[in-house]
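These figures come from a predicted structure and were not determined experimentally.
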Amino acid sequence: MTGQTQSAQTGRQMTGAKMVVQALKDQGVDTVFGYPGGAVLPIYDELFQQNDIRHVLVRHEQGAIHAAEGYARSTGKPGVAIVTSGPGATNAVTGLTDALLDSIPIVVLSGQVPTFMIGSDAFQEADTVGITRPCTKHNWLVKETDRLGQTLHEAFHVATAGRPGPVLVDIPKDVQFATGSYGGKETRSTRYAPAVKGDRAAIEALARAMETAKRPVFYTGGGVINSGPEASKLLRELVAATGFPITSTLMGLGAYPASGEQWLGMLGMHGLYEANMAMHGCDLLICIGARFDDRITGRIDAFSPNSIRAHIDIDPSSLNKVIRTDIPIIGDVAHVLKDLLEAWSAGGRKTDREALAQWQAQIGEWRSKDCLAFRNSDKVIKPQFALQRLEALTKDRDRYITTEVGQHQMWAAQYLGFEDPNRWMTSGGLGTMGYGFPASVGVQMAHPDSLVINVAGEASWLMNMQEMGTAVQYRLPVKQFILNNERLGMVRQWQELLHGERYSQSWSEALPDFVKLAEAFGAKGILCKDPADLDDAIMEMLDHDGPVIFDCLVEKHENCFPMIPSGKAHNEMLMGEVSTAHAIEAGGAVLV
Amino acid sequence: MLNIKEGSTSHSAYNLRSTFSDVEERHTLAVIVENEPGVLARVIGLFSGRGYNIESLTVAEIDHTGHMSRITLVTSGTPQVIEQIKAQLGRIVPVHEVHDLTVEGPTVERELALFKVRGEGEHRVEALRLADIFRANVVDSTLESFVFEITGTPDKIDAFADLMRPLGLTELARTGVAALSRGPEARV
């Protein structure tokens, strides 16, 4: 503590506002997303007078946070957003919560009324640190300019170290104006340092269990992506070395390639039949950087009933939170996988080949059910077909996908294949409608020459459609691929299954003409309603050098299958063509 | 499988206790935190946000130069919930250490309470006599009232309160539990 104060005193003198820009530069930040207002004017004045950091003016603060998330998720670097006090900060709350649930490292800087006015109900005053305390990993109110520099560097450290997450630094306006000393990146305290190395004995125990396993499965999640590209590389090596089948959560898609030999597809509520059956039937479950979310487990007491569970996670609170763990390993995925691979090869260990062959045969049987089959039509575009064509026409490109939330999101996860990590940005934990469009803006800023597609539903997309202004202003060629069924598709599906087909408030009678909407923003709009035109229309979208709204009119009453109804187990999936009457029983109806 | 050992701290999940039981347990936790604004709100917010119980909570700075405070927290829940509480506390950035005194070994627990007892005649004499038995001190006195100060385990204070109630107990203030491990070692 004293050391810090000393170095702060010996640092360079500058205003708090300048310190903000300097700290961002020292952290290697090249892009920030934000929206100016009274309480951040000094910071915006400093941003104006430099060229190292690009500021992207969003149209709503929620958009800034999701854009920062998209930037972070697609680069592995923390995303940064700047918002003003009061409404600027409260508008950031949804994005912060989204980033918290999906463990996305973002740093949000909010303006605050001057320190001497805090607590006086001043204009645009809100208790920002109070409001954002439960939706950030940590937050700070900085009351002295001398402490601003070290707090900003600490914020970047906390956002990225251990299990990543959102942080917020609230900076009163007088602190921005006042002069203080800035000591650089080294001034942060070094106390927060979650352990990254897993326990050796536990890793050995897992290696032993892998040797004798007859029906093993890897169940991986967003933690593999968060751990960095090395973790995905090691995961692929581990799968190759063992020949174990692998499934992933929504958040972990791309860590293992969809074209990989052992790939089972996504698991969970709308996961693939073979993936869920493998989870149910396995005798060794190796969870890597996932957290047994309720979308994954289905009914807890029927979850993977005969397996030994190993769980690798950097966050001790994830272990034994939902599912009892037999082999807990606390550590960073890349570090643990490296040690596990060593323990595997050093011991000259071998898998039970005969049992594995039987297990693979069983999985092959499940796979042959072809759970993603759907009845296509030559009259109306089926949403699954639209995504199959989108996949076929874009899979060989340098492609990033974002999504909104709902049926289209699940179909995208089912029908698009991801070969690499950081290519798939979606709101998993919080399920934030309106995430995908601003996230695509953030991704495109980070990857200006890549193809960025937001797979959307029309209802989600409208929630943050104001970001068209951002896309057009910064000439971001983001493709908004809207599967338009004129319904809140997932809500409608649940009302059909659960509420006697009473479609309460789940459709819209006043949708905009999306082509005209695109044109009103100075972008390109494409309407497609005939399956025969789909390929040409998609190619037209891809060939256009600029933002496109692609209004794809699809079957209105298509349901998303397969599905584990709430309150049911992995082996009680509903498939596409079966009757869905009474699929969810009274006990399951209270679940979301 | 791994040998599951008794006792656990926020630093390790390898000595997790068996969490099969559905029986609710009462645990006393010692949480060492950085004494910075909002840290108590973070701890309390965790308990309310995740639906955990707080039976008592005391907090005060214990190291002025190091800016450290000690929170003594009494909570109850199934073993799984208790483990989850400890892990969640450990995630809070300004939390340095979390110790489960209940499983780490024998502890002493003390609470201080002040009792205002109003009465005359035989009631007044009886209150004073019981206070003597409980080693409570009289810290304020009028001709018709006493304020007793008593230190002890929460059970002892409960027992004293039960006795004072029919003798004219009018007001009661309790501090909540402070606890330390027994023996020469500093565990926290």
- Side chain, backbone, both or neither of B/V39 within contact of chain A (heavy atoms, under 4.5 Å): neither

- Can you tell me if CZ on B/R135 sees more than 12 non-hydrogen neighbours from other groups inside 6.0 Å? no

- Message: What I'd like to find out is whether the side chain of B/R42 reaches to under 4.5 Å of the side chain of A/N139, using heavy atoms alone.
- Response: yes

- Heavy-atom side-chain contact between A/P316 and B/K86 under 4.5 Å: no

- Examine distances only and state if a side-chain atom of B/Q88 and a backbone atom of A/S317 form a donor-acceptor pair shorter than 3.5 Å. no

- Task: Count the heavy-atom pairs under 4.5 Å between each of B/G38, B/P37, B/G49 and chain A, then report the option with the highest count.
- Result: B/G38

- Got a sec: does the CZ of B/R118 have more than 12 other heavy atoms crowding it under 6.0 Å? no

- Query: Measuring from A/R133:CZ to B/L46:CG, what's the distance to the nearest 0.5 Å?
  - Reply: 12.5 Å

- Message: More than 12 heavy atoms of other residues, nucleotides or ligands under 6.0 Å from NZ of B/K156: yes or no?
- Response: yes

- Task: Could you check if a side-chain atom of B/Q80 sits within less than 4.5 angstrom of a side-chain atom of A/R324, using non-hydrogen atoms only?
- Result: no

- Looking only at heavy atoms, the pair that brings B/P94 and A/H138 closest together is CD-CE1, 3.3 Å

- Message: Would you say CD of B/E120 has more than 12 non-hydrogen atoms from neighbouring residues, nucleotides or ligands within 6.0 angstrom?
- Response: no

